[in-house]
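The structure appears right after this line, and notes come after that.
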Amino acid sequence: MIDLKQLRENPDRFRAGCRDKGMDVDVDRLLALDERRRSIMTKLEDARAEQNRLGKEVGPQLGKLKGQLKSATGDAKAALEREIASLESKPVALKAAVQQYEQEVASFEPEWKALWIQVPQPPASDVPKGSSSDDNVEIRRWNPPKSEWMDAFDTSKSFETNRGFKPKSHTELVRDLRLVDFERGVKMSGTRHYVLTGMGMRLHQAVLRYALDFMVERRGFTPMGVPVIVREECMVGTGFFPAGREQAYHIEESKRGAGADLFLTGTGEVGLMGIHADEILTLEQLPLKYTTCSTCFRREAGAAGKDTAGLYRIHQFDKVEQVVVCRADDAESRAWHGSMLQSVELILQSLGIPYRLLQCCTGDLGVKNEDMIDVESWMPGRGEIGKDGAPTGAYGETHSASRLGDYQCRRLNLRYRDENGKPVFAYALNNTVIASPRVLIPILEMHQQKDGSVVIPPPLRPYMGGATKIG
RNA sequence: GGACAGGUGUCCGAGCGGUUGAAGGAGCAGCACUGGAAAUGCUGUAUACGGCCAAAAGUCGUAUCGAGGGUUCGAAUCCCUCCCUGUCCGCCA
């Protein structure tokens, strides 16, 4: 969430942030409620201060009198009772005032809080303005050169021009090579479910394990295994709720008598960032560099009819995720952003997948990020159908790298103590390392051979018993 | 899932319904002592929000003893609900 002090001091920045992100949050209403709340709180606190002062004064006297009352009789007893009654009546008026203020605040506090957590993190100043993903700006692209195991590939030319034969789509490849069984996945769990079979499962696991090991061994990240079933606080704290509530599977344990419902996480980011919620870290602990491999669950509400075929948009998948929690420093955050993206690029290059980086425009950012770069991988089986009847190929999003400023850590109450010993909300970043089975689409489609087999990229071979191709 | 026992500051650990942000210890920091250290002594050692202040420092107020609600003039202390931890039993990858 945002800092209310900053909102008061510079509301225009947040109004502009809402506008640029295309989000409709009533900032002025929030400001008015905040003002009202603070003014009542001041009165409430004054009343309570007086109440406390009286309590300290009256308390010991009452204690003494009540002690005396036990042994008193007759007139002395009646006099004591009168004195006690008069002492006790003193703070009663204050109590009524306190209760009235409390009720007043309670009457609009939920609205105040709801508005507060909805205000999005304003985009960084250098993020291009735009209204949708169409306005994203390409930063650079990479095409594989000729190497020991694959020929060069140029995405500006058709697959057939590059390779000399028409490509199959990944749905055809997984069918012909028996890597995925969609029918039975749907039988068990409904639309957008699948069964990975045989070498399909092995390839899936190989990609994940390669990516995790890469992050740990080459990039110095700490591997973690985190819960994928979490409480609502985790979802709110990481910024996925309330905005993304419809995207998460909801386990209604409260309906069975438990105290709290649970939610399935859509990314390992939730578990990784939740680890240090409500903590104050030391400067030496930073930066935190965590990576995890976790199963991700997404309802894909609102995506009905989109990408219905194949492995692109599914309800359950596995993802290696990376997060960095660093000190509250813009330059440091930007440096980590670059470093995290470099990890992704190195992995994609080693797998021989053409890709491009897109600077997301303001309108494509979520509530919590101030800057986001998407990585899109080349998928020869995607895109329009060309004159020759084969798809022309297209880039499809496989990764996303966000800078969140202190927005997420403020929500999570995750701080560190700076050089002066002051607690400061840390900055957070997150980035996909690899998400599978989606990444199997470019791997299979890019490395398919004329005979219908698929060459396994060398880094994955050790994870597949040394196999060099499928089929 | 059942039966008990618990949850207090960085940690351990007291706490009678009334001057308790909270005894006592440990740790940590500063100072003193020392040639230097140990030992010892003294001092300090939470967070959030709000007020005062140009700001910082500081200071004042409020809240926080697992969370939320209640009783009361007043709750760490009493009551209710939930969460968590431990032990035993049951079940089980």
Side-chain angles (χ1 to χ4, degrees), chain A residues 1-9 30-31 33-70 80-107 109-110 112-113 116-117 225 227-237 251-263 274-285 295 406 409-426:
Chain A
M1 68 188 100
I2 57 143
D3 185 349
L4 281 179
K5 272 187 209 157
Q6 286 178 23
L7 178 73
R8 271 177 233 135
E9 284 162 15
L30 174 59
L31 281 166
L33 287 178
D34 183 56
E35 177 59 43
R36 193 170 151 207
R37 182 173 176 279
R38 278 184 304 134
S39 95
I40 298 170
M41 288 301 280
T42 306
K43 290 188 228 165
L44 171 66
E45 285 175 4
D46 286 347
R48 260 213 270 262
E50 180 63 10
Q51 203 179 19
N52 287 344
R53 198 188 61 75
L54 269 176
K56 280 179 187 173
E57 192 178 289
V58 161
Q61 292 177 38
L62 275 174
K64 207 190 293 171
L65 290 174
K66 282 187 176 169
Q68 290 172 8
L69 192 61
K70 279 178 194 157
L80 278 171
E81 278 169 348
R82 274 199 303 281
E83 201 174 338
I84 288 170
S86 107
L87 274 176
E88 281 184 350
S89 68
K90 270 190 171 178
V92 170
L94 281 169
K95 193 194 180 187
V98 165
Q99 280 177 338
Q100 196 210 315
Y101 290 136
E102 278 175 343
Q103 277 168 22
E104 209 174 329
V105 171
S107 72
E109 203 163 32
W112 168 77
K113 196 151 198 188
W116 184 13
I117 64 169
V228 294
I229 310 171
V230 301
R231 292 166 183 261
E232 186 162 8
E233 298 92 279
C234 279
M235 298 301 278
V236 174
I251 306 172
E252 296 187 288
E253 281 295 286
S254 62
K255 287 198 171 163
R256 311 168 81 185
D261 284 354
L262 296 163
F263 297 86
I275 292 173
H276 295 287
D278 293 318
E279 292 185 21
I280 302 180
L281 305 172
T282 63
L283 213 42
E284 298 76 59
Q285 285 175 274
T295 303
D406 66 0
C409 290
R410 177 173 277 110
R411 279 193 173 217
L412 286 164
N413 194 26
L414 197 174
R415 293 168 291 173
Y416 68 94
R417 227 174 265 287
D418 70 9
E419 295 83 350
N420 304 315
K422 288 266 179 296
V424 181
F425 290 109

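In what follows, chains carry the letters A, B, and so on, assigned in the order in which the sequence lines appear, proteins first and then strands, with residues in each chain numbered from 1.
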- Would you check if Q100(A) and K43(A) make a side-chain contact, meaning some heavy-atom pair closer than 4.5 Å? no
- Task: Starting at atom CZ of R37(A), determine the distance to atom P of C49(B), rounded to an integer number of angstrom.
- Result: 11 Å
- At under 4.0 Å between heavy atoms, what does R8(A) touch on the DNA or RNA strands: base, sugar-phosphate, or nothing? sugar-phosphate
- When the distance from OH of Y416(A) to P of U47(B) is rounded to whole Å, what number comes out? 15 Å
- Query: What distance, rounded to whole Å, do you find between the two C1' atoms, one in G17(B) and one in A56(B)?
  - Reply: 42 Å
- Message: Would you compute the distance between atom CD of E50(A) and atom CZ of R53(A) and round it to the nearest 0.5 angstrom?
- Response: 4.5 Å
- Mind checking the C1' distance from A22(B) to U47(B)? Whole angstroms is fine. 15 Å
- Message: Rounded to whole Å, how long is the line connecting atom CE of M41(A) with atom C1' of A48(B)?
- Response: 11 Å
- Phosphate-side-chain proximity, R48(A) and A63(B), N/O vs OP1/OP2 below 4.0 Å: yes
- Query: How do E50(A) and N413(A) order along RNA chain B: which one's closest nucleotide is nearer the 5' end?
  - Reply: N413(A)
- Query: Rounded to whole angstrom units, what separation is found between the CG atom of D34(A) and the C1' atom of G50(B)?
  - Reply: 11 Å
- Query: Below 4.0 angstrom from OP1 or OP2 of A48(B), is there any side-chain N or O of K422(A)?
  - Reply: no
- Query: Above 12 or not: heavy atoms from other molecules or residues under 6.0 Å from CG of L283(A)?
  - Reply: yes
- Message: Between N52(A) and G61(B), is there a contact of a side-chain N or O with OP1 or OP2 at under 4.0 Å?
- Response: no
- Item | Spacing of the C1' atoms in G41(B) and A46(B) (rounded, Å) | 26 Å
- Task: Examine C84(B): is either OP1 or OP2 under 4.0 Å from a nitrogen or oxygen in the side chain of R231(A)? Give yes or no.
- Result: yes
- Query: Does the side chain of V236(A) reach to within under 4.5 Å of the side chain of R411(A), using non-hydrogen atoms?
  - Reply: yes
- Task: Map every base of RNA chain B to its dot-bracket character, where paired means a Watson-Crick or G-U wobble contact with both distances under 3.5 Å and | marks a partner outside the strand.
- Result: ((((((((.[[[..)..(.....]]]((((((.......))))))(((((((.....))))))).[[[[[..)....]]]]])))))))....
- Message: Nearest 0.5 Å, please: how far is CH2 in W116(A) from CG in L33(A)?
- Response: 13.0 Å
- Task: For D46(A), report the nucleic acid contact type (base, sugar-phosphate, nothing); a contact means any heavy atom under 4.0 Å.
- Result: nothing
- Task: Remember a base hit wins even if backbone is also touched, and classify R417(A) as base, sugar-phosphate or nothing at under 4.0 Å, heavy atoms.
- Result: sugar-phosphate
- Answer with yes or no whether E45(A) presents, from its side chain, a donor or acceptor under 3.5 Å of a partner atom in the base of G50(B). no
- When the distance from CD1 of I280(A) to P of U64(B) is rounded to whole Å, what number comes out? 19 Å
- Query: Among G61(B), G51(B), G74(B), which nucleotide sits nearest the side chain of R38(A)?
  - Reply: G51(B)
- Message: Taking only the P atom of each, what is the distance from C65(B) to C11(B) in whole angstrom?
- Response: 15 Å
- With side chains defined as the heavy atoms from C-beta onward, is the minimum distance between W112(A) and L30(A) less than 4.5 Å? yes
- Determine the interatomic distance between P on A67(B) and the same-named atom on U8(B); round to the nearest Å. 10 Å
- Item | Distance between P atoms of A38(B) and C31(B) (Å, rounded) | 13 Å
- How close or far is atom C1' of C83(B) from atom CD of E233(A), stated in whole angstroms? 9 Å
- Query: For the pair made of CD in E102(A) and P in G68(B), what is the distance, rounded to whole Å?
  - Reply: 13 Å
- Send over the distance from R53(A) CZ to C60(B) P, rounded to a whole Å. 16 Å
- Message: Taking the P atom in each of G74(B) and C12(B), what is the distance between them to the nearest angstrom?
- Response: 33 Å
- Item | Nucleotide nearest R415(A) when distance is taken to its side chain, options G74(B), A48(B), A57(B) | A48(B)
- Message: To the closest 0.5 Å, what do you measure between OH (Y416(A)) and OG1 (T282(A))?
- Response: 12.0 Å
- Would you check, one step at a time, whether the test side-chain contact (heavy atoms from CB on, under 4.5 Å) holds for V98(A) with L44(A)? CA-CA 6 Å; V98(A) 165; L44(A) 171 66; 3.8 Å; yes
- Rounding to the closest angstrom, what is the interatomic distance between G2(B) and G90(B) at atom P? 16 Å
- Item | Toward the 5' end of RNA chain B, by each residue's nearest nucleotide, F425(A) or A49(A) | F425(A)
- Please determine if R410(A) and D406(A) form a salt bridge, counting it only when a charged side-chain N lies under 4.0 Å from a carboxylate O. yes
- Identify whether any heavy atom of K5(A) sits under 4.0 Å from a base atom; if not, whether one sits that close to sugar-phosphate; answer base, sugar-phosphate or nothing. sugar-phosphate
